[in-house]
K.L.:
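Attaching a single structure in structure tokens format; questions to follow.
What you see is a predicted model, and the numbers here were worked out from it, not measured in a lab. Note on naming: letters A, B, ... go to the chains in the order of the sequence lines (proteins, then strands), and numbering restarts at 1 for each one.
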2 protein chains.
Amino acid sequence: MANQLSSLDQIFAALADPTRRAIVMRLCAGEASVGELADPFDMALPSFMKHIHVLETSGLVQSEKSGRVRTCRLSADALVGAEDWFQQQRAVWEARLDRFEAYVMKLKKEKERTAAKRPSRTTKRKGS
Amino acid sequence: MANQLSSLDQIFAALADPTRRAIVMRLCAGEASVGELADPFDMALPSFMKHIHVLETSGLVQSEKSGRVRTCRLSADALVGAEDWFQQQRAVWEARLDRFEAYVMKLKKEKERTAAKRPSRTTKRKGS
DNA sequence: TGTATAGTTAGCTTCATGGCTAACCAATTA
DNA sequence: TAATTGGTTAGCCATGAAGCTAACTATACA
């Protein structure tokens, strides 16, 4: 598990680049060699390798060299770690929305109570 | 909705910075002025404003100025858009795992069938 | 009207990122 | 053993990101 939280920086930074997102997407479908991964991209190999390296230091990708070919695979943990972050934020966000909604409901009820006391003023007024 | 997909670059880049993630987290709990947001950070205001601006152009945050105070709020759409990306990747990833598992099961069965033919070799061998 | 407050603009520095070429191993294969 | 293939290292360049200060605008308050 390690400290995934502190590496959110690197994970999000890694995913901020379209080339690297494409690599991740490709690796979701299964492992591949550096050459296979690089093929669809119009980019010099050393440049491409930098992307691989960024993905590796972020923990999103692991690789292993056997013979002269390096095989890359996705490391799901990091992806899940990032996804968790969103879910945590959403939890807070939704809790707030719930509270807000409750607040609005309360206002609404109060308004209705007031309206019940002064039925003549409940019709449309004007403007928004 | 617009083109959230093409702005994943900006969303992830925005979230790659701890200051900006903290701002997002703070805004999950409700809107706040620039000053309130900036307060916990030991950073010059212009520097901080850059972060706000990055968050705004990424679509994660919206702001509005009334009088001399600018109020910021979270724009959930962008967050959800980014979360969706993870879920899509996970879907592909899990589909692959399922296929892989099926493959492993197949191998296992084949092995068992082979083992049934040569029962003497099925005991422990050594090492991992 | 004068002063404090809340942001904003401009402009500077420093460092990281993303790209390139050229040259270089180290396995394979002929 | 020689040539090819797959990747790696080193080093360069241009751009952009993240921080700063100083000076400015515009609202609110006394």
K.L.:
What is the distance, rounded to the nearest whole Å, between atom CZ of A/Phe48 and atom P of D/dT8?
P.N.:
11 Å

K.L.:
Round to the nearest Å and state the distance from B/Leu37 atom CG to C/dG7 atom P.
P.N.:
9 Å

K.L.:
Can you measure A/Lys50 atom NZ to C/dG18 atom C1' for me and round it to whole angstrom units?
P.N.:
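The distance from NZ of A/Lys50 to C1' of C/dG18 comes to 6 Å, rounded to the nearest Å.
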
K.L.:
Are the side chain of A/Arg21 and the backbone N or O of A/Leu15 linked by a donor-acceptor pair below 3.5 Å?
P.N.:
yes

K.L.:
How close or far is atom P of C/dG18 from atom CD1 of A/Ile52, stated in whole angstroms?
P.N.:
13 Å

K.L.:
Taking CD from B/Glu64 and P from C/dG7, how many angstroms apart are they, rounded to a whole number?
P.N.:
14 Å

K.L.:
How long is the line joining CG of B/Asp17 and P of C/dT17, in whole Å?
P.N.:
12 Å

K.L.:
In terms of side-chain heavy atoms of B/Val69, which of D/dT8, C/dA6, C/dT21 is nearest?
P.N.:
C/dA6

K.L.:
Under 3.5 Å, is there a donor on one side chain and an acceptor on the other for B/Gln10 and B/Thr57?
P.N.:
no

K.L.:
Indicate yes or no for a side-chain donor-acceptor contact from B/Arg90 to the backbone of B/Trp85 under 3.5 Å, with no hydrogens or angles considered.
P.N.:
no

K.L.:
Which is true for B/Ser33 with a 4.0 Å heavy-atom rule: it touches a base, it touches only sugar-phosphate, or it touches nothing?
P.N.:
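Answer is sugar-phosphate: B/Ser33 comes under 4.0 Å of backbone atoms only.
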
K.L.:
Between the main-chain N or O of A/Glu36 and the side-chain N or O of A/Ser33, is there a donor-acceptor pair closer than 3.5 Å?
P.N.:
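Looks like yes, one N/O pair under 3.5 Å.
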
K.L.:
Starting at CZ of B/Arg70 and ending at P of C/dG7, how long is that distance when rounded to a whole Å?
P.N.:
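Result: 9 Å.
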
K.L.:
Measure the acute angle between the ring planes of A/Phe12 and B/Phe12, then classify it against the limits of 30° and 60° as parallel, tilted or perpendicular.
P.N.:
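The rings of A/Phe12 and B/Phe12 lie parallel, inter-plane angle below 30°.
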
K.L.:
Taking for each residue the nucleotide of DNA chain D with the nearest heavy atom, is it A/Arg68 or A/Lys65 whose nucleotide lies nearer the 5' end?
P.N.:
A/Arg68

K.L.:
DNA chain C: A/Asp42 or A/Gly67, which has the more 5' nearest nucleotide?
P.N.:
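Its nucleotide being nearer the 5' end, the pick is A/Asp42.
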
K.L.:
Do the side-chain N or O atoms of A/His51 get closer than 4.0 angstrom to the phosphate oxygens (OP1, OP2) of C/dG19?
P.N.:
yes

K.L.:
Is the shortest side-chain N/O distance from A/Ser47 to OP1 or OP2 of C/dC20 below 4.0 Å?
P.N.:
yes

K.L.:
Side chain of B/Pro46 only, heavy atoms from C-beta on: which candidate in C/dG19, C/dT8, D/dT9 is closest?
P.N.:
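Selected nucleotide (nearest to the side chain): C/dT8.
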
K.L.:
May I have the distance from A/Phe41 (atom CZ) to C/dC20 (atom P), rounded to whole angstrom?
P.N.:
13 Å

